[in-house]
Amino acid sequence: MKLSKAIAVSCLVAFAFTATAQKPHDPKMDAYVSNLMSKMTIDEKIGQLNLPAIGFDITGPVLSQGVEEKIQQGLVGGVFNTYTPAAVRKLQAYAITKTRLKIPLLFGYDVIHGHKTIFPIPLGLSSSWDLPLIEQTARAAADEASADGLNWVFSPMVDITRDPRWGRVSEGGGEDTWLGSQIAKAMVKGYQGKSFDTNDVVMACVKHFALYGAVEAGRDYNVVDMSDRRMFETYLPTYKAAVDAGAATVMSSFNEINGVPAAANRWLLTDVLRKQWGFDGMVATDYTAIMELMQHGVGNEEQVAKLALEAGNDMDMVSEIFLKRLKQLVDEKKMNVSYIDQACRRVLEAKYKLGLFANPYKFVSEQRAKTQIMNADKLQLAKEAAEKSMVLLKNQNNVLPLKQGSNIAFIGPLVKDQRDLIGNWSGAGDWKKAISVWDALQKQYPSNTFTYAKGCNILDNQALIDKLNPHDAQIVLDSKTPQQLIDEAVSAANKANVAVVFLGEAFGMTGEAASRSDISLPANQVALLKALKATGKPIVLVLMNGRPLTLPWEDANMDAILETWYGGTKAGDAIADVLFGKYNPSGKLSMTFPRSVGQIPIYYSAKNTGRPIDEQQKYTSKYLDIPNTPLYPFGYGLSYTTFSYSAVKLDKTTINADSKLTATVTITNTGKMAGQETVELYVRDMIGSVTRPLKELKGFQKVFLQPGESKTISFNIGTDDLKFYDINMKYTYEPGDFKLFIGTSSQDVKEADFKVE
Ligand code: BGC
């Protein structure tokens with residue numbers, strides 16, 4: 001039984017991805033590291049594997065004690081959560097002046113959507129479908145982080161996820177493998193630049209390897225149990241894309257995969273990652289993940305130390321179990337010392353590649369910190385990114401853009417808010433530097449006719465507030481009663497031509513350890529909306545949140561809905577510009593918005609089933625109480641203008657391995673404003689040796705059109721675009737009938753048929 005599973009798995013691995021050839025090593029680096037290692041004691045080697053936290057932030061139990069002393073004893077390879085040139089210089093000086101071998105430290109940090117200039121949360125950025133923009137934000141983040149002493153960022157997070165209950169959907173690029181893979185590449189390129197020769201780049205860390213986005217029931221840290229086919233086809237390619245783009249490091253994830261925790265999973269971290277994909281960089285665990293292996297129930301402290309190292313982790317983040325246990329394992333001949341050597345070599349290689357041996361203070365420059373951090377270019381980029389990330393979900397009767405000079409009531413707890421604008425995982429970002437929507441409006445329209453009412457607290461569920469406030473939520477209930485707040489808002493709306501209401505999730509309701517079973521707006525916010533609806537005034541709902549929400553009532557009752565995510569440092573200015581039409585919204589959802597949590601997991605690339613939905617037939621695949629369709633599908637997003645699509649034309653209707661077809665479509669701006677459209681390309685393989693999704697994204701293009709203007713755009717499709725894991729887990733295409741779709745969302749498309757020989 002065991003043997004046959006082992007054979008099945010190894011076949012799968014052999015076929016799963018074309019093995020990437022191991023990159024040739026730099027002989028100079030090899031010689032340097034070998035020479036250094038020949039001088040190192042086993043304690044010094046183990047010290048290199050230790051990655052404690054020291055400094056400002058924590059995401060788990062505070063375990064790292066006496067870090068400064070340990071650095072001086074040569075028992076630390078890198079630290080995270082310390083930044084600023086002064087703080088980094090101090091710790092680096094301990095390593096360089098107090099330790100025997102003067103091995104420099106790595107300095108890591110969770111730079112997730114910007115370092116100090118905060119860009120929209122990654123889910124928001126992915127809604128821009130703008131890869132050059134996403135790359136630029138990572139480049140800017142790397143420039144700032146490296147100017148602040150850092151040389152390693154724990155990003156990109158490329159976990160594909162189809163469960164918006166999971167709080168960490170905010171940190172990634174959504175549900176789609178193809179789009180997620182492009183984003184993964186763009187971010188790695190942005191962080192690492194062209195080479196590590198300059199001092200404005202950082203090492204990327206691809207996380208969380210692997211499948212963390214598929215935790216059962218959307219509950220954080222939960223188990224993942226997944227078929228090999230789904231794993232290789234849908235969930236692993238984004239990590240592979242990041243590795244292929246040259247990511248220097250990888251972080252193993254908290255979750256288990258089919259019974260084996262990722263942090264102890266040699267098949268994952270060694271067979272797939274290194275042997276099949278040719279990854280030759282360094283792997284770090286997630287926060288205390290080795291310690292958590294004991295809770296997973298796969299061993300005692302000594303056993304989990306051995307499991308984690310032998311699996312392929314090189315650095316132990318915060319557990320300090322490597323430090324405590326590895327030497328003893330070797331002394332007692334329970335583990336081969338070569339595992340320690342191998343991990344130590346990878347850590348030293350990372351330092352060598354970064355140029356830290358040549359100059360341990362390469363990334364420490366007060367001058368760069370002054371000129372690079374939050375400079376005008378970065379702030380401008382943050383504004384552009386915030387604008388391009390917003391998704392217009394509804395706009396009945398063109399209530400948006402707002403008309404200057406009209407009486408507008410701005411209502412809601414997020415109108416004057418600054419903290420939530422920068423969202424969760426906002427790293428070293430200072431929310432006090434984020435300009436609120438209200439301040440942006442006052443600045444831009446000094447002689448305005450705007451009124452303000454808070455309307456409600458962001459939350460009034462005390463039990464939830466008590467969970468969020470210890471983690472920086474700073475939710476203080478208003479001294480007015482909920483009814484007084486609503487009455488004020490209703491009175492403001494009654495006096496206005498339109499009410500613009502800012503609601504959503506407090507930022508702490510998203511991110512790590514922030515799963516929700518109910519992903520609707522908080523009840524007190526809905527009560528406010530219902531009272532405002534009763535005024536009969538047009539209502540624009542502006543959302544700030546970190547996940548798809550269930551909004552069926554809001555969709556039916558609001559006149560317009562603008563999704564702004566948490567837009568970052570410049571969100572206030574960007575939102576003001578979008579509301580008044582200075583920027584015409586162009587974002588498209590990268591993750592499906594369900595009607596109800598009962599539909600989860602819901603994603604556009606679903607399968608047909610043997611009994612596809614038929615409302616007239618009882619025994620078909622559907623719900624009794626709601627439609628199968630989402631509220632807002634993947635790829636959906638409106639503009640202040642409208643676009644029409646011509647029929648799709650194909651230059652040929654049959655292709656083979658040596659030929660490609662070209663599909664063309666003409667897009668016309670049929671509205672009154674200039675605007676940008678993202679044109680999406682999907683395919684469906686009609687018959688396969690295994691069932692294929694109803695649609696798979698294979699490309700997109702952006703087109704900017706003046707009113708009345710048309711442009712013809714074309715896509716090429718070849719057999720490489722049609723590959724999948726066949727019945728034998730061979731990555732190939734299969735001849736037969738296909739459909740090609742081009743359109744404005746995954747559900748609104750024009751189609752054409754073609755064949756593959
Ligand atoms: C998170 C990682 C993060 C790490 C270090 C963990 O709790 O899962 O994404 O990089 O903490 O802060």
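Each ligand, and each atom within it, is numbered from 1 in the order the structure gives. Worth knowing before you read on, the calculation uses all heavy atoms, side chains too, and leaves out hydrogens, waters and symmetry mates.
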Here the atoms of ligand 1 under 4.0 Å from any heavy atom belonging to K207 are 2 (C), 3 (C), 9 (O), 10 (O)

Side chain D163, main chain A214, donor-acceptor under 3.5 Å: no

Within 4.0 Å of some non-hydrogen atom of M251, the atoms of ligand 1 are 10 (O)

So the atoms of ligand 1 within less than 4.0 Å of a heavy atom of F80 turn out to be 5 (C), 12 (O)

- Query: Given K378 and E144, is the salt bridge (charged side-chain N to carboxylate O under 4.0 Å, His left out) satisfied, shown in steps?
  - Reply: CA-CA 9 Å; K378 303 232 171 35; E144 279 193 350; 5.2 Å; no

At under 4.0 Å between heavy atoms, what of E512 touches ligand 1? The answer is side chain

For S181, is there any backbone N or O sitting under 3.5 Å from a side-chain donor or acceptor partner on K240? no

Counting only N and O atoms by type, is there a donor-acceptor contact under 3.5 Å from the side chain of R230 to the main-chain atoms of Y235? no

Report task. Could you tell me if the ring centre of F232 sits under 6.0 Å from that of W277? Result -> no

Item to complete: Assess the pair F107 and F363: is the distance between their ring centroids shorter than 6.0 Å?
Response: no

Nearest heavy atom to atom 12 (O) of ligand 1, choosing from V111, D220, D110, belongs to D110

So the atoms of ligand 1 within less than 4.0 Å of a heavy atom of D286 turn out to be 1 (C), 2 (C), 3 (C), 4 (C), 6 (C), 7 (O), 8 (O), 11 (O)

Heteroatom proximity flag, Y212 to ligand 1, N/O under 3.5 Å: no

Per-atom filter on ligand 1: closer than 4.0 angstrom to a heavy atom of F154 are 10 (O)

If we only count N/O pairs under 3.5 Å, is R168 in contact with ligand 1? yes

Going by the 4.0 angstrom heavy-atom rule, the piece of H208 near ligand 1 is side chain

Does any N or O in the side chain of Q303 come within less than 3.5 Å of the main-chain N or O of N300, such that one atom is a donor and the other an acceptor? yes

